[in-house]
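The sequence lines fix the lettering, A, B, ..., with proteins before strands; numbering per chain opens at 1.
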Amino acid sequence: MDTGLFIQVILSGLSVGAIYALVAVGFGVVFNATGAINFVQGEYVMVGGLSAGMLYEAWDVPVLVAILVAIALTTLLGVLTEMGLLGFGRLRTPASITIATIAIAVVVKGAAMLISNRDTFALPSLLGPGSLQVLGASTSRQTLLNLLLAVLAVAALTLFFQRTKLGTTLRAAASDSETLQTFGVSYRTTARWAFAIAAAVGALAGAGLAPLTVMSFDSGTLLGLKGFAAAMLGGLGNPRGALAGGLMLGVAEAVMSGYGAAAYADVVAFVVLLAILTLRPTGMLGTSRAVRT
Amino acid sequence: MRKKIPTLLTCSALLALSACGLGSSGSDGGSDDTITIGTLFSVSGSGANLGDKMRKGAALAVKQVNADGGIDGRTIDWVFYDPAGDTSTAVQQTNRMLDSDGVELVVGGGGSSGIALAMDPITSSRGVAFIATEGARQIVEPAEDHPLTFKTTFNDTVMVEKLIEFWQANDITRVAFMPDTSSFGQSAQEELERLAPEAGIEVSTAAFDPAANDLTPQVKRLAGNDPQAYLAWTITPAGVTFLKNVRSVLGDDVMVMHGFGFVDERYMTQAGAASKGTLLVSPKLPVWDEIDKSDEQQPVMEDFAAAYADEYDGEQPNVYAGQAYDAMMVAVEALRATGGDPDGEKVADAIEALGTHVGVTGAFKFTADDHSGLSVDDVAVIRWDGSRFMPAK
Amino acid sequence: MSGTEGLVVEGLTVRYGRVEVVHGIDFAARPGQVTCLVGNNGAGKTTTIRGILGLQPSRARQVTFQGRSLSGVPTHAIARHGIALVPEGRRVFADLTVLENLRMGAVRRNGGWHDEVTLGEVYDLFPELRDRSASKAGLLSGGQQQMLAMGRAMMARPDMLVLDEPSMGLSPVLVNRIYEALVALRGAGYTILLSEQNANLALDLADHAYILETGRVVEDGVAADLADSARVQAIYLGA
Amino acid sequence: MMSRLAGPARTMSRRATWELWITLGLLVVLPMLAATDYALHIWTRMAIFLILLTGLNFIQGVAGMTSLAQAGFFGLGAYAAGIATVRHDVPPVLALALAPVLVTLVALLIGVLSMRLKEIYFTMATLGAGFVLYLLFGRMVELTGGPNGLVGIPPFSVGGVEFTEPIMKYGLAAVLAAIGAIAAHNLLVSRTGRALRAYGASEPAALAVGASPFRLRLLAFGLSGFYAGVAGALEAFDSRFVSPSTFDFMTAVLLVVALVVSGAGRMIGPILGALLLTGIEVFAADYADYEPLIMGIVFLVAVQLFPRGVAGELAARREDRRERAKRSADLAADVAVDAPTTLKAVQR
């Protein structure tokens, strides 16, 4: 067995998996607060990466500042998403909210196409352009940063949910949002925070992804769907599950690219999604939430 | 009965909307002072970027022709639709152009080979000439089955021949090939796997999804066959990832190549240091200012580049803009030859009789058997030197 | 039915989807008293409470609390008017610990998150909760969950405590335990609105009671007087 | 429980019959309004959408679950018919019959695996299934022609007569759409259909009429696949070209949205939805650059305005009006005679 190839496959899987993990975390946060699947999640990644790239390339903003501004902008977009979904007070069921998120995703993508003039934008790696050599394999330094970001984001969110008043409130909303309302916390407040957090984490994924490839208005949709598959794989709504699911999916795709029929690599995510839903819908690390009728 | 009235009202409102939509677009083209040319390019959806460049190229051609007094005094009435990458939408829009908008000649096949292939039977059955701007050779081959259809792009066959010629000249016998899974990549894969073995070149292939974010597993896997050159075939940003990944895994010494779909300064710049030294098979347009002044194409490219930059705020044209510009100009030349008669067969005969049309993309020599008109002579191997494209040695 | 104090409900109609369940009922809960809605399963007690709190779409001529209208006010805002609910079926936040559940009761109150005084009162009333403060609420027994739900509502320091069927599904020993706690709360001056199927217990505790049948108030009066009513006996036997 | 269902079920049946007549009437009247070749292409497309949405209505409107697999099934039908005729010289009539059978089998297989999932999880499972199909259309190059598409599909033909004229294509699609609508109507007013609808409304109700929810849902999903198979085969013979781009995620979403905003669960929903989809196609063409943005906004506004669908919203408004009228009567009675017994009498 070629160890170089093996290590390369694992590194590649972790590199892409870190991004999937961040996307998956976002799906979980919104799902916990609203019970809906937020299809805008992939677009948050696109907006985060694209706006950081535009700021850096077109306006010569320093990289770090560009990333921070992009995260702020995307977080605002998350808040706007909540307003667009729940601001009219007409959507009540998770299913109708889910459908409406698709509409918002289309709007965001359409607007991004016009604003970016269909151009692609890139960011330099924060750790410099060099690559890391590991046992005969090689990866961008940014990969290391992305893994670190994913782990830190999951750790920070776990702490946030366990230790802070707001985090506890969001967990309470996930547990029983109706009862939470009888204690004076409105559904929309928790939903808005959830969308803001999901958008911020999505933007972080975008800023981490941009140095590995380039971003265009079209970069988010498929990434979002794969991130959802990762979320299901790890157990929807559980940040640590999201991390595990993201990395597993990344590695599974890389194995297909490195050893299997490479052209079918992107089918893997959807086969995994189908398989996990039919075999173990609570996910590998999922809670005992009822998913069957 | 009374209860149904709101429903019926909604129904009839929708109905009225649909019917008036169908009616209002029924302008009849072909009046004496205009010629109606219809175009589809996907300026939204994936591939929107190149669709937009094609639209800019075609629009420039229409503007120039109309400013110069049109075709024998008749101006071009340009009808444009965006199928957004979807063939069934493109089929509807083609029907609309021909049946409802009075389009007499079709230029541009939606920006993807699949769409052009879907449009061809419709235009042919209406006896309308169709000049495509998409890659797949099946759009025009065999020519006897596509008597009214032409295209102003390179057949993948020509590109692959040029590649083989280049590899043979450089003693390269083992090549790693990475096409994307789009129609662009698939067409090239078919050609390369057909032609390379005959030339004694061993090709190992690993495809990738256009939306992929890391290609190192494929690169590393192909490296196991010890290839002398790595060639990617894509039009998407994943090509940037390819450049970065090859350099990261294999270092700076290995030969890295891209197909003509990736000839774009922006992509090269965005790949940073990883793009330096990349070789590309391409039309000569990107290096128009570096080639010999005696080349008959040189002034055409120079004029085009200047006019394009003038029209679009200093933007440099890319090969897609050039293809679309050429397609429109070939149509115009043919219409001038027929005296403005847009009849499909007459236009087709005129195109085949043009002799040599020196365009931006190359010197087209359409014949009854060759409806794509470009040859290996029109292809250049160019090199990105870190800041600009240069002819490769 | 005078005064702007307490809860005043007039002509309340509540529906589930297309089915009207509560048909225009009137009642009031006076401050400092225990008011009880007594009725069989399906009489509309829970629906009435959900309607008042905005958890179920409802219509009414008037619903006021301390003189302020609750009509059309969303649930979370009603809660901020000083009403805390101990819902039917407990509905503790199962994934949160006991302590976190209690703190959630005070989440919208200034300084409530760190209110150790009220927390102490809750723990004194229900020592079981202090012992299990770090356990996940979902792992508690039914009786402990009921105590937790009551403690959580106490943490809101409400002007009125609404308890929906607090005895449901509990063993007689635990029911007594809960009612002892309610007596203590009454003694502490809480205004209480109680819905209960266990008529004898409830009427024992309450100052004033309303008897509900199929979404209508069929009888009301001083609790002690109602205890002998034929209707109440029927409910008691039915339960 | 039974008795409470029986009343609404009867009025629902009457309404469904009425709506069926409207649907059939439109299939006849529309081509009379505009009968140019181009218009006939559009009406053919509308008829194909009608079949797709009638199928989707079983699962979305009746069983109350959202399926994002309908575009994939649509594609599977189109590729089945295309591949059978192009690669195996199967007569088009036979291909038109075989495609729905194949799609039904695939739908049942996916249904067996995913039917027991709760609503949102089921939706995501169908998304996965639809995506796998879509990706396979593009990847199995030998069989499907890959991303370039499948070329050379013959026109539909019966006994040597080729359906190449727009009017004949429309006739075929319209006849099949009409048969599909009538079959759907008859099924909906049957005992099984009532059970299905009861199931969509609430589970206990369905159990009360003695139905197995799993089997009913599976039936609904299988039917949605069958209709998609017919629509797919028609699409293949209409465009005479099949490529993956037609059956992507966006198509799946548009189908669901068109049905939801026009009235899922109603007989009238599919035809309204089909008109909406064709209307969007016709109008959107004029706004090239802004099309995705406009589409998204229209789509969002529609979902916000009609979360229960146009038809459902109108029905709800009517009910509200009746309700208000009844309430003012109640209040009047309440003021006049303050006695519960009289109130009861008024409410009857």
Side-chain angles (χ1 to χ4, degrees), chain A residues 28-29 31-35 82 86-93 157-194 235-241 282-283 285-291, chain C residues 49-50 52-57 72-97 99-115 134 136-139 145 148-149 152-158 161-164:
Chain A
V29 172
F31 179 80
N32 279 345
T34 64
E82 188 276 336
L86 305 174
F88 305 95
R90 296 179 62 89
L91 300 180
R92 306 222 177 265
T93 63
L157 276 175
T158 307
L159 274 179
F160 164 76
F161 282 123
Q162 296 298 334
R163 297 291 164 81
T164 66
K165 177 173 159 184
L166 180 59
T168 311
T169 308
L170 284 169
R171 274 194 298 136
S175 182
D176 187 340
S177 89
E178 188 179 87
T179 301
L180 186 61
Q181 289 176 55
T182 68
F183 291 100
V185 181
S186 87
Y187 174 63
R188 288 200 55 195
T189 307
T190 49
R192 191 172 308 153
W193 277 105
L236 191 53
N238 172 350
R240 273 165 298 179
T282 51
L285 278 105
T287 51
S288 54
R289 186 186 286 114
V291 294
Chain C
I49 288 173
R50 289 179 61 84
I52 293 167
L53 290 179
L55 292 167
Q56 206 66 42
V73 180
T75 303
H76 64 92
I78 290 176
R80 289 179 215 168
H81 283 18
I83 300 178
L85 174 70
V86 181
E88 182 188 20
R90 278 77 86 174
R91 295 182 72 167
V92 296
F93 302 117
D95 293 338
L96 272 58
T97 65
L99 181 60
E100 285 170 340
N101 263 276
L102 292 174
R103 294 216 191 280
M104 282 317 299
V107 69
R108 289 300 310 213
R109 188 155 60 79
N110 262 343
W113 194 252
H114 302 290
D115 179 0
K136 282 260 160 71
L139 301 175
Q145 287 192 357
L148 179 55
R152 183 176 63 182
M154 285 168 67
M155 288 296 289
R157 289 207 157 280
L161 199 54
V162 180
L163 296 104
D164 193 1

Going through the checks in order, is the side-chain contact (heavy atoms from CB on, under 4.5 Å) test met by A/Thr168 and C/Phe93?
-> CA-CA 10 Å; A/Thr168 311; C/Phe93 302 117; over 6 Å; no

Considering non-hydrogen atoms only, spot the tightest contact between [X] and [Y] and give its length.
| X | Y | result |
| --- | --- | --- |
| A/Arg171 | C/Asp95 | NH1-O, 3.6 Å |
| C/Ala94 | A/Ser175 | N-OG, 3.1 Å |
| A/Leu180 | C/Met104 | CD1-CE, 3.3 Å |

Just jot down the salt bridge (Lys or Arg N to Asp or Glu O under 4.0 Å) partners of C/Arg108, sequence neighbours excluded, or say none.
->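 By the salt bridge (Lys or Arg N to Asp or Glu O under 4.0 Å) rule, C/Arg108 matches no residue at all.
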
How many angstroms lie between atom [atom1] of [X] and atom [atom2] of [Y], to the nearest 0.5 angstrom?
| X | Y | atom1 | atom2 | value |
| --- | --- | --- | --- | --- |
| A/Thr179 | C/Arg90 | OG1 | CZ | 12.5 Å |
| C/His76 | A/Thr189 | NE2 | OG1 | 6.5 Å |
| C/Leu53 | A/Gln181 | CG | CD | 11.0 Å |
| A/Arg163 | C/Glu100 | CZ | CD | 10.0 Å |
| C/Trp113 | A/Leu166 | CH2 | CG | 9.5 Å |

So what's closer than 4.5 Å to chain A heavy atoms on C/Arg50: side chain, backbone, both or neither?
->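 Contact with chain A: side chain only.
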
So what's closer than 4.5 Å to chain A heavy atoms on C/Arg103: side chain, backbone, both or neither?
->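 For C/Arg103, neither part sits under 4.5 Å from chain A.
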
Is there side-chain contact between C/Met155 and A/Phe183, with heavy atoms separated by less than 4.5 Å?
->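 They are not in side-chain contact.
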
Does the distance from a Lys or Arg side-chain N to an Asp or Glu carboxylate O, for C/Arg91 and A/Asp176, drop under 4.0 Å?
->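 A salt bridge is present here (some side-chain N lies under 4.0 Å from a carboxylate O).
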
With chain A as the partner chain, list the residues of residues 77-84 of chain C whose heavy atoms fall under 4.5 Å from it, by residue number, and write 'none' if nothing qualifies.
->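 Result: C/Ala79, C/Arg80, C/Ile83.
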
Is there a donor-acceptor contact under 3.5 Å from the side chain of C/Thr75 to the main chain of A/Thr182?
->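 Not confirmed, C/Thr75 side chain does not pair with A/Thr182 backbone.
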
